[in-house]
K.L.:
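Take this structure, written in structure tokens, and hold onto it; I'll ask about it next.
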Amino acid sequence: MLKRTLLGAAAALTLLTGAAQAQQPAQNLRIGLREDPDIMDPTLARTFVGRIVFASICDKLFDINEKLEIVPQLATGYRWEDPRTLLITLRQGVRFHDGETMDAEAVRYSLNRHLTMQGSFRRGEINTMESVEVVDPQTVRIRLTGPSAPFLSQLTDRAGMIVSPRAAEAAGRNFGARPVCAGPYRFVERVAQDRIVVERFPEYWNAENIHIQRITYLPIPDGTVRLANLQSGAIEMVQTIEPDDLATVRRNNRLRVEMSDELGYQSLTINIGNGPRAQTPMGQDVRVRQAFELALDRAAINQVVYEGVYTPTVQPLPPANPFHVAALRPEPRNVERARALLREAGLTPPVAVNMTVPNNPDLRQAAEVMQAMVREAGFDLRIQAMEFASSLQAAVRGDFEVYLLGWSGRVDPDGNTWTFIHSRGPQNDGRYSNPEVDRLLDEARVEVDVAKRRDLYAQAFQIAIRQDRSRIYLWHRKNIVVHTTRLSGFLNVPDGLIRPTGLRLQ
């Protein structure tokens with residue numbers, strides 16, 4: 001099996017290198033992605049790698065900078081008229097890729113689309129929005145149902161992406177096949193599992209700072225192949241490498257490493273109430289979930305798989321986040337207590353648990369280490385590796401028991417919590433529900449005092465994480481971007497996105 005895997009990697013490298021050298025034009029930046037993105041519709045999408053592609057084709061009302069400050073993008077500014085009313089002013093002369101004007105009516109259309117479209121993953125992010133009013137072509141007024149501490153920050157991501165109303169209406173749910181936005185690049189083509197190609201849009205409002213003609217995004221799930229393509233010159237940039245490759249990269253004077261702490265986390269989603277596959281000991285008995293967690297040693301997994309680079313955690317907010325609950329820390333591994341909990345639950349080992357894992361080498365390895373650890377406590381962990389976008393679709397359907405999944409994170413803590421552990425959260429794939437947790441998260445959305453808001457999250461975590469064991473948080477990762485020294489102008493923002501503005505390729 002190992003020999004076949006290595007031969008496959010070598011073949012993939014040869015094909016990609018040859019194709020790239022023979023077909024790619026000058027000034028084509030080739031970026032290796034960890035996975036193939038899901039649908040390229042900002043309303044329906046949910047992958048991190050998709051956000052990297054969106055950074056080139058779909059501008060947002062606001063963005064964040066390297067200091068995590070909110071800065072205007074399609075907007076020029078904003079003003080809170082009162083705690084429930086937000087006035088946003090827009091850039092003049094902005095055009096969509098189809099030639100239509102980006103104005104207040106387009107903003108109204110896009111925000112309402114994010115809020116009301118069936119299957120929208122943005123609804124939970126902006127569901128405090130009551131209405132959007134067009135004041136004039138360059139001004140919109142957003143009315144909220146109540147004060148919302150995270151609302152503005154939500155407009156720095158996909159909920160703030162503005163799509164062409166004409167194109168969206170014409171395409172309907174097929175909009176993601178040929179997205180039309182107002183970003184620096186226009187969509188050219190997509191070949192599933194192979195490439196996404198975008199081309200410089202000459203009418204972009206900030207065109208003088210876009211210096212590369214074309215960007216090709218190449219999904220390369222195998223980290224070894226991804227790094228080999230970078231070293232050979234077949235690609236100029238990779239979205240990420242594995243921590244154990246850092247030493248190799250740093251010895252290569254033709255490559256440069258850009259590293260930052262991520263805003264998100266890696267975790268285990270547990271199917272508690274999403275369909276028939278929730279009817280398992282893990283899904284229905286908190287003692288079994290606690291036993292599984294106590295059988296894990298996060299620090300050991302981090303050391304074995306990630307060279308100790310990542311930060312073990314038990315919560316969705318990383319240490320640098322001002323709302324991080326310092327008192328909430330991982331429990332020490334306790335195999336004896338885990339075995340006792342299984343006995344209390346009336347279960348006889350081995351207790352079967354099926355875990356869905358995105359088909360990446362490091363995640364498979366992490367799953368295998370977990371498999372060995374929980375076996376000692378009486379679990380039979382069965383690993384099902386699946387293509388990433390397909391695994392997301394399976395999770396939405398409830399076709400999983402435990403799902404090893406990461407989240408890239410958001411600046412405001414609401415972006416790491418509400419959508420995942422609130423009963424109405426659109427990415428609460430396990431369908432966890434606790435009315436008290438819902439109440440605390442809803443209160444945290446409207447509380448502006450930092451200390452009070454932190455306490456609300458601490459209370460919610462104590463119930464959702466410690467009491468109910470609704471999800472098992474594992475570690476906070478690093479964003480490790482590597483690129484050729486021929487590429488300059490990369491802005492290292494902790495959200496891990498690759499923004500094309502200012503990039504130059506020599």
Side-chain angles (χ1 to χ4, degrees), residues 124-125 127-128 146 148-150 264-274 278-296 298 312-319 321-332 334 337-338 341-342 344-345 395 398 401-403 405 407 409-410 412-476:
E125 298 168 359
N127 63 359
T128 54
S148 174
Y265 56 82
Q266 189 85 39
S267 73
L268 294 175
T269 303
I270 301 167
N271 190 346
I272 292 174
N274 191 357
Q279 302 305 312
T280 65
M282 277 285 283
Q284 301 306 304
D285 195 324
V286 66
R287 293 169 296 187
V288 180
R289 299 194 289 274
Q290 183 180 3
F292 192 94
E293 183 168 9
L294 285 173
L296 299 176
R298 293 167 173 83
T313 194
V314 71
Q315 62 181 291
L317 306 178
N321 190 302
F323 296 93
H324 176 81
V325 182
L328 190 59
R329 299 177 180 177
E331 300 163 285
N334 190 334
R337 177 58 182 152
L341 284 164
L342 291 184
E344 291 173 20
E401 294 177 14
V402 177
Y403 184 17
L405 181 65
W407 174 245
R410 299 294 182 270
D412 190 274
D414 183 82
N416 283 15
T417 55
W418 198 97
T419 193
F420 300 98
I421 58 178
H422 194 286
S423 63
R424 299 194 308 275
Q427 298 192 61
N428 181 358
D429 295 325
R431 299 293 188 271
Y432 166 68
S433 178
N434 185 305
E436 182 63 9
V437 172
D438 286 356
R439 183 188 68 80
L440 291 165
L441 292 178
D442 287 338
E443 286 190 19
R445 280 191 148 186
V446 301
E447 179 59 66
V448 294
D449 182 273
V450 172
K452 292 179 180 178
R453 200 173 179 214
R454 184 189 299 112
D455 183 61
L456 289 168
Y457 284 118
Q459 293 179 59
F461 294 165
Q462 188 64 35
I463 299 170
I465 296 171
R466 282 287 190 242
Q467 173 187 299
D468 296 344
R469 308 277 171 165
S470 63
R471 181 183 291 249
I472 300 175
Y473 296 94
L474 296 170
W475 50 78
H476 302 293

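Fair warning: this is a prediction, and the values are worked out from it, not measured in the lab. We're numbering straight along the sequence, starting at 1.
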K.L.:
Taking only residues two or more places apart in sequence, or in another chain, which ones meet Ala149 in a side chain to side chain contact (heavy atoms under 4.5 Å, CB included)?
P.N.:
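For Ala149 the side chain to side chain contact (heavy atoms under 4.5 Å, CB included) partners, ignoring immediate neighbours, are Arg453.
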
K.L.:
Within a strict 4.5 Å, meaning less than it, do heavy atoms of the Gln427 and Thr269 side chains meet?
P.N.:
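In short, these two side chains do not touch, never coming nearer than 4.5 Å.
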
K.L.:
Does the side chain of Pro413 come within less than 4.5 Å of Tyr457's, by heavy atoms?
P.N.:
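Tyr457 vs Pro413: side chains touch.
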
K.L.:
Ignoring hydrogens and angles, tell me if any N or O in the side chain of Gln284 forms a donor-acceptor pair with the backbone of Ala278 under 3.5 Å.
P.N.:
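Yes: the side chain of Gln284 pairs with the backbone of Ala278.
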
K.L.:
Taking the side chain as every heavy atom from C-beta outward, state whether Leu294 and Glu331 have any atom pair closer than 4.5 Å.
P.N.:
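Sidechains of Glu331 and Leu294: in contact.
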
K.L.:
Using a strict 4.0 Å threshold on nitrogen-to-oxygen distance, state whether Glu443 and Arg439 make a salt bridge.
P.N.:
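Yes, charged N to carboxylate O under 4.0 Å.
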
K.L.:
Identify which one of Asn428, Asp442, Thr417 satisfies the side chain to side chain donor-acceptor pair (under 3.5 Å) criterion when paired with His422.
P.N.:
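Single side chain to side chain donor-acceptor pair (under 3.5 Å) partner of His422 among Asn428, Asp442, Thr417: Asp442.
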
K.L.:
Determine the sole option in Asn416, Ile421, Asp414 for which the side chain to side chain contact (heavy atoms under 4.5 Å, CB included) test with Trp418 is passed.
P.N.:
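Among Asn416, Ile421, Asp414, the one meeting side chain to side chain contact (heavy atoms under 4.5 Å, CB included) with Trp418 is Asp414.
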
K.L.:
Decide yes or no for Phe292 and Val402: does some side-chain heavy atom of the first lie under 4.5 Å from some side-chain heavy atom of the second?
P.N.:
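They are not in side-chain contact.
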
K.L.:
Which residues satisfy the side chain to side chain contact (heavy atoms under 4.5 Å, CB included) test with Gln315, sequence neighbours excluded?
P.N.:
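For Gln315 the side chain to side chain contact (heavy atoms under 4.5 Å, CB included) partners, ignoring immediate neighbours, are Thr313, Leu317, His324, Val325, Leu328, Phe461, Ile465.
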
K.L.:
Indicate yes or no: at least one non-hydrogen side-chain atom of Asp429 is less than 4.5 angstrom from one of Asn271.
P.N.:
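When only atoms from C-beta onward are counted, Asn271 and Asp429 do not touch, as no gap falls below 4.5 Å.
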
K.L.:
Taking salt bridge (charged side-chain N to carboxylate O under 4.0 Å, His left out) as the definition, give me every residue that meets it alongside Arg471, ordered by chain and number, with sequence neighbours left out.
P.N.:
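For Arg471 there are no salt bridge (charged side-chain N to carboxylate O under 4.0 Å, His left out) partners, ignoring immediate neighbours.
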
K.L.:
Taking Asp468 for its side chain and Val286 for its backbone only, find out whether a donor-acceptor pair lies under 3.5 Å.
P.N.:
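Looks like no, no N/O pair under 3.5 Å.
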
K.L.:
Is any NZ, NE, NH1 or NH2 atom of the basic residue among Glu344 and Arg337 found under 4.0 Å from an Asp or Glu carboxylate oxygen of the other?
P.N.:
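Between Arg337 and Glu344 there is a salt bridge, with a charged N closer than 4.0 Å to a carboxylate O.
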
K.L.:
At what distance, to the nearest 0.5 angstrom, does CG of Leu341 lie from CD of Glu293?
P.N.:
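That separation rounds to 11.0 Å.
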
K.L.:
Drop me the distance from Leu268's CG to Met282's CE, to the nearest 0.5 angstrom.
P.N.:
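The CG atom of Leu268 sits 7.5 Å away from the CE atom of Met282.
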
